[in-house]
Visitor: 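Here's a structure for you.
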Amino acid sequence: MSLPPIDLAVFHENGYVRKQCRVTDLWFWTTDLSRDTCGDTSEDEYTFIGKPLIQGYDMRGKSLKDAMREAFLGFFENVGHTRINPYPVLARWRDDIHLTIASIADFQPHVTSGEVEPPANPLTISQPCIRLTDVDAVGRSGRHLTTFEMMAHHVFNKPNEGKMFYWMEECVQYCHDMFTKTFGIDSNEINYVENPWCGGGNAGAAVEVIVGGLELATLVFMNLEEHPEGNVELKGDRYREMPLQIIDTGYGLERFCWAAAGTPTIYEAIYPDTVAWLKEISGFENVAKQWPKLNLDGVLGEMSRLSGIMNIEAGVDGEKLRSIFIDRLAERGFELSDEQFSSITEPLSRIYAIPDHLHALCNMLGDGLVPSNAKAGYLARMMARRTLRLRDDLGLDVSLSQLAIHHLEVNLGNSKMKQTRDGLCKILDLEEQKYIEMLRKGGNVILTQLRDLDKSSKSIDDEVLFTLNDSHGIAPDMVISLAKQSGWKSVKLRIGFSAEMAERHALMAKQAAKSIVAKKLVEASDSLPATKSLYYDDVQQREFDGSVLFCSPLSGDDLPNGATHGIILDRTCFYPEGGGQEGDHGTLSTDSNLRNVLDTRTSGAHIIHLVNGAFEVGDLVRGSLDWDRRKQLMDHHTSVHIVGGAARRILGPHIYQAGANKSIESARLDITHFKRLSREDLDAIESMANEVIGQVQRTDKSELNRKDADKKYGFDLYQGGAPKGDMIRVLRISDHDVQACGGTHHDEPGQIGSIRIIRSAAVQDGVERLHIVAGQAALNYAREQDELLRRTVDIFGINSEDLPRTAERFFTEWKDQRKRIEHLEAEIVRIKTSGGDDFSNSKDGVRIVVMESDGDLKQMTKMLKELTLDANNPTLAILGSRVGGGKLMIATTENTIASERYNAVEILRKISPLISGGGGGRPTFAQGGGSNPDGLDDALAEAKKVLEI
RNA sequence: GGGCGUUUAGCUCAGUUGGAAGAGUGCUUCGUUUGCAACGAAGAUGCCGGGGGUUCAAAUCCCCCAACGUCCA
């Protein structure tokens with residue numbers, strides 16, 4: 001069955017009737033008996049442009065947003081909801097998405113799975129969100145944004161546990177009350193559309209709230225999960241009811257503002273000052289003056305009304321869109337030429353997009369994101385580059401950081417950020433430099449790629465455009481404009497090319513999405529009790545007794561040498577590989593058997609000991625840890641936390657752990673930073689880390705509910721990645737570093753002894769990798785370095801202080817001598833070729849030299865050059881050498897009778913078989929070799945025979 | 001996480017089907033002229049990113065690695 005109609009008392013009480021939309025076929029509720037479209041179709045125009053639907057909000061921009069937000073949150077607080085502070089736009093509590101794309105994302109996956117209690121229930125929130133999927137449409141459609149605030153009220157019902165707060169009836173009632181009472185919208189303007197929602201394995205009934213042709217809210221009643229035997233069918237998949245029933249709502253704050261302002265576009269409602277400023281400095285005013293007869297305001301108003309019914313999404317063809325727009329405007333009495341339309345809409349769409357892009361950029365960087373060429377950081381770089389591109393297209397003389405400062409002051413009201421304003425500007429200035437560098441390089445690449453293209457060509461090859469975009473970062477339209485500047489006057493971008501490129505990218509992404517599922521180590525039943533981990537109770541424990549619950553041969557590709565069986569015990573103090581810390585080693589033994597534990601890993605709730613032999617289920621075993629190894633791993637793990645904290649203190653709040661690994665030899669810590677680190681930076685971090693070891697007496701380990709942990713420490717807790725489950729282990733090293741971490745750590749940092757940062761390397765743009773050694777490993781490292789130095793110094797027989805100077809001297813001398821050898825070799829060649837002439841004959845005015853040489857290929861080449869260079873002495877030279885299986889080289893003096901009469905390649909082909917080889921080259925210069933040096937004499941003799949001398 | 005590109009003189013970059021490592025710029029010296037500078041001549045400068053392989057022969061073809069860049073998820 002499908003979902004039943006949404007038939008609610010609130011509809012009937014307010015005079016709504018249920019009808020089916022003749023355009024979309026969806027059912028909807030309306031008070032207008034004559035209405036036959038749901039309101040959000042290609043036939044429903046925006047009705048609020050110039051006629052605001054929400055009264056009493058005369059302010060614009062940030063103050064309008066603030067007032068709207070407050071009215072919304074206030075309303076829901078009054079009806080029993082708890083207000084929750086917004087989450088960051090960087091979704092660091094999640095490992096499946098980079099950005100917060102909806103308010104419900106705050107509570108996924110743990111709250112929505114029922115594992116973790118929500119921070120309040122029911123709750124209300126206004127969550128800044130970033131969605132980059134429609135970034136192309138921003139500015140052009142009049143309504144698209146990459147960054148918006150999703151206002152919401154959420155309810156998490158568990159009817160089975162008697163926790164049922166409210167469902168559809170109350171939800172829609174609240175929504176209706178808020179629209180009509182708080183915002184004074186005429187209920188005749190509101191349509192409710194039934195449109196079931198599904199996504200990510202869940203589904204449910206949903207209601208879209210359409211006001212004045214604009215979708216202002218979506219109310220989702222998520223109570224279904226995908227299941228093969230489910231009794232509800234939606235869009236081809238089967239679903240069944242689930243124990244947790246969630247109300248997920250989303251109200252677009254910016255759209256509320258737009259409906260209250262009635263401006264031609266949403267951008268004028270929320271970024272009025274920036275739009276005005278950009279219009280001024282880009283000289284947009286002059287556009288209108290070009291055509292005094294044109295009613296610009298009228299055109300713009302009409303265009304925005306049209307935007308409401310035109311589906312301007314990402315990837316839509318610009319050319320096609322333009323002609324449709326011009327036709328539709330003409331129907332409405334606004335005659336515009338192609339040129340007029342372009343010169344109005346192109347700058348305008350850029351002016352609109354800039355504040356939106358800046359909003360995304362400031363939010364992302366404000367949360368501490370560092371731009372990069374991969375992963376989350378790429379999103380920031382992309383937005384920065386798009387903004388720069390828009391700026392350049394408008395010809396604005398402002399830097400990216402100046403734009404950002406304007407945005408911070410005007411549109412963000414200097415709201416609090418994690419990143420400092422200084423840091424933000426530094427990052428953006430660097431981004432601008434990199435952008436300029438990219439353009440410069442790209443310009444060269446374009447010229448190279450187009451070199452063979454005729455100047456009168458009308459198009460550029462598709463493959464060239466793809467390569468320039470994907471590999472060099474130059475978008476197709478930019479290639480075209482650069483090509484025009486460089487002399488290819490008539491090139492044009494093929495219509496539909498951008499859409500095709502987007503399709504191609506989508507296809508590539510689809511192919512890449514095929515993931516490989518790792519093979520399970522052992523097939524242990526889920527009913528087996530979870531292993532009790534002793535290492536959290538006492539991190540110092542080295543021995544324990546346990547009983548074998550499970551034993552089976554191992555499977556998988558990545559097994560340590562010698563490991564044959566996987567053992568699960570009821571309890572263990574072996575730490576399994578996780579959080580970048582390698583698994584423990586040691587032994588498991590009974591009275592009769594002793595097995596080596598070669599690695600320890602997890603599989604679900606079980607800890608698997610990878611051993612070199614079997615045990616019987618029920619055996620009582622004594623486990624004994626390789627303590628030196630564990631101690632070293634702990635030294636490294638705790639050090640990584642300390643170094644991370646020191647790096648953040650010294651480099652800035654954007655320092656975030658991008659990855660870490662702890663082995664016994666060393667540890668690696670990847671941190672996000674926008675610049676390469678100098679040795680001075682590393683020294684400063686290292687010093688602070690060692691101070692912490694000396695000063696902090698004890699580390700503080702606690703186990704907190706996720707809800708409390710989030711509240712107490714915020715999301716910087718999840719440096720090491722998003723942990724699973726309800727309870728979170730938190731390691732706090734004084735106020736130096738706090739992190740969620742399941743690894744094993746020292747109780748006393750002092751036990752580490754010392755920390756050294758060996759070096760740093762760039763993992764990707766924006767991520768630095770620190771190589772760290774601590775404890776015994778630090779000592780070993782120092783000894784190895786000493787040993788290296790000692791051995792090197794022994795070779796030279798000098799004191800270590802003199803090493804750099806001596807090495808430099810040796811290197812320069814070696815270079816000088818190599819050069820001198822070359823000169824001397826050349827001298828030998830000259831002597832050999834100029835003197836005696838024992839080897840040369842003369843035939844019909846051509847000197848013929850046939851001789852054996854003892855040099856290598858390079859030397860022979862030089863000799864030939866000497867012999868055949870002089871045009872006044874036409875020469876045919878044949879050289880042979882026994883080096884490397886025998887070599888033959890033949891050359892003639894170019895452009896002389898020698899080269900006319902003799903073909904070097906032909907002669908070579910005739911004689912090279914005698915040394916069992918082949919060869920080739922140009923008619924005036926041939927070379928070949930063989931595998932029979934003893935045949936050289938025969939080959940040279942044959943040459944003489946062929947030449948008849 | 002995946003795809004693609006780049007790596008050659010101090011710098012910016014060419015280098016075709018494997019067959020003699022190049023241009024521009026900068027540098028050194030000399031000359032002409034001189035306000036800056038311009039011009040002429042000569043010259044020096046290369047582990048062709050690293051390692052393996054194929055070949056008589058590799059900057060060039062194949063494999064691995066690295067650095068840098070770039071697009072997409």
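In what follows, every chain begins at residue 1, and chains take the letters A, B, ... in the order their sequences are listed.
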Visitor: Between Lys375(A) and Asp765(A), which residue's closest nucleotide on RNA chain B lies nearer the 5′ terminus?
Guide: Lys375(A)

Visitor: C1' atom, C4(B) versus A58(B): distance in rounded Å?
Guide: 25 Å

Visitor: When the P atoms of C11(B) and C48(B) are considered, how many whole Å apart are they?
Guide: 14 Å

Visitor: Any Lys/Arg nitrogen of Glu437(A) or Lys441(A) sitting under 4.0 Å from an Asp/Glu carboxylate oxygen of the other?
Guide: yes

Visitor: The test is side-chain contact (heavy atoms from CB on, under 4.5 Å); show your working for Leu770(A) and Leu677(A) and say whether it passes.
Guide: CA-CA 9 Å; Leu770(A) 305 180; Leu677(A) 294 178; 3.6 Å; yes

Visitor: Establish, with yes or no, whether the OP1 or OP2 oxygen of C72(B) is under 4.0 angstrom from a side-chain nitrogen or oxygen of Arg504(A).
Guide: no

Visitor: Would you mind reading off the distance between Asn373(A) atom CG and A67(B) atom P, rounded to a whole angstrom?
Guide: 12 Å

Visitor: Whole angstroms only, please: what is the CG-C1' distance between Leu888(A) and C56(B)?
Guide: 9 Å

Visitor: Assess whether a salt bridge exists between Lys945(A) and Asp938(A), defined as any Lys/Arg side-chain N lying under 4.0 Å from an Asp/Glu carboxylate O.
Guide: no

Visitor: Which stems does RNA chain B form, counting runs of 3 or more consecutive Watson-Crick or G-U wobble pairs with both distances under 3.5 Å?
Guide: B:1-7 with B:66-72, B:10-13 with B:22-25, B:27-32 with B:38-43, B:49-53 with B:61-65

Visitor: Using the C1' atom on both, measure G35(B) against A41(B) and round to a whole Å.
Guide: 25 Å

Visitor: Under 4.0 Å between a Lys/Arg side-chain N and an Asp/Glu carboxylate O for Arg386(A) and Asp136(A)?
Guide: yes

Visitor: Pick the C1' atom in G26(B) and in G10(B), then give their distance to the nearest Å.
Guide: 7 Å

Visitor: Suppose you measure atom C1' in U8(B) against the same atom in G49(B); what distance do you get, rounded to whole Å?
Guide: 10 Å

Visitor: Is there a side-chain polar atom (N or O) of Tyr378(A) under 4.0 Å from OP1 or OP2 of U70(B)?
Guide: no

Visitor: May I have the distance from Phe466(A) (atom CZ) to U70(B) (atom P), rounded to whole angstrom?
Guide: 20 Å

Visitor: Taking NZ from Lys434(A) and C1' from U70(B), how many angstroms apart are they, rounded to a whole number?
Guide: 13 Å

Visitor: Given C56(B), G69(B), G1(B), which nucleotide is nearest the side-chain atoms of Lys887(A)?
Guide: C56(B)

Visitor: Without decimals, in angstroms, what is the distance between Glu906(A) CD and G19(B) C1'?
Guide: 17 Å

Visitor: Identify whether the distance between the nearest side-chain nitrogen and carboxylate oxygen of Arg92(A) and Asp367(A) falls below 4.0 Å.
Guide: no

Visitor: Is any side-chain N or O of Lys441(A) closer than 4.0 Å to OP1 or OP2 of U6(B)?
Guide: no

Visitor: At under 4.0 Å between heavy atoms, what does Gly929(A) touch on the DNA or RNA strands: base, sugar-phosphate, or nothing?
Guide: base

Visitor: Name the closest nucleotide to the Phe925(A) side chain, picking from U12(B), U70(B), A20(B).
Guide: A20(B)

Visitor: To the nearest Å, give me how far apart CE (Met478(A)) and P (C71(B)) are.
Guide: 10 Å

Visitor: Any Lys/Arg nitrogen of Asp765(A) or Lys434(A) sitting under 4.0 Å from an Asp/Glu carboxylate oxygen of the other?
Guide: yes

Visitor: On the nucleotide U70(B), are OP1 or OP2 found under 4.0 Å from the side-chain N or O atoms that Arg381(A) carries?
Guide: yes

Visitor: Rounded to whole angstrom, note down the P distance from G15(B) over to G5(B).
Guide: 16 Å

Visitor: Answer with base, sugar-phosphate or nothing: what part of the nucleic acid does Asn469(A) contact at a heavy-atom distance below 4.0 Å?
Guide: sugar-phosphate

Visitor: Measure from the side chain of Gln927(A), starting at C-beta and using heavy atoms only, and say which of G69(B), G19(B), A73(B) lies closest.
Guide: G19(B)

Visitor: I want to confirm an ordering. Mapping Arg909(A) and Met382(A) to their closest nucleotides on RNA chain B, which one lands closer to the 5' end?
Guide: Arg909(A)

Visitor: Is any side-chain heavy atom of Tyr435(A) closer than 4.5 Å to a side-chain heavy atom of Asp392(A)?
Guide: yes

Visitor: Looking only at atom P, what distance separates C39(B) and C47(B), rounded to whole Å?
Guide: 30 Å

Visitor: Roughly how many Å apart are A59(B) and G18(B), using the P atom of each and rounding to a whole number?
Guide: 13 Å

Visitor: Could you go through the salt bridge (charged side-chain N to carboxylate O under 4.0 Å, His left out) check for Arg882(A) and Asp937(A) one step at a time?
Guide: CA-CA 10 Å; Arg882(A) 292 171 198 271; Asp937(A) 290 336; 3.1 Å; yes

Visitor: Using atom CG of Leu879(A) as one end and atom C1' of C56(B) as the other, report the distance to the nearest whole Å.
Guide: 16 Å

Visitor: Who pairs with Arg389(A) by salt bridge (charged side-chain N to carboxylate O under 4.0 Å, His left out), at least two apart in sequence or on another chain?
Guide: Asp393(A), Asp477(A)

Visitor: Arg759(A) CZ to A67(B) C1': how many Å, rounded?
Guide: 15 Å

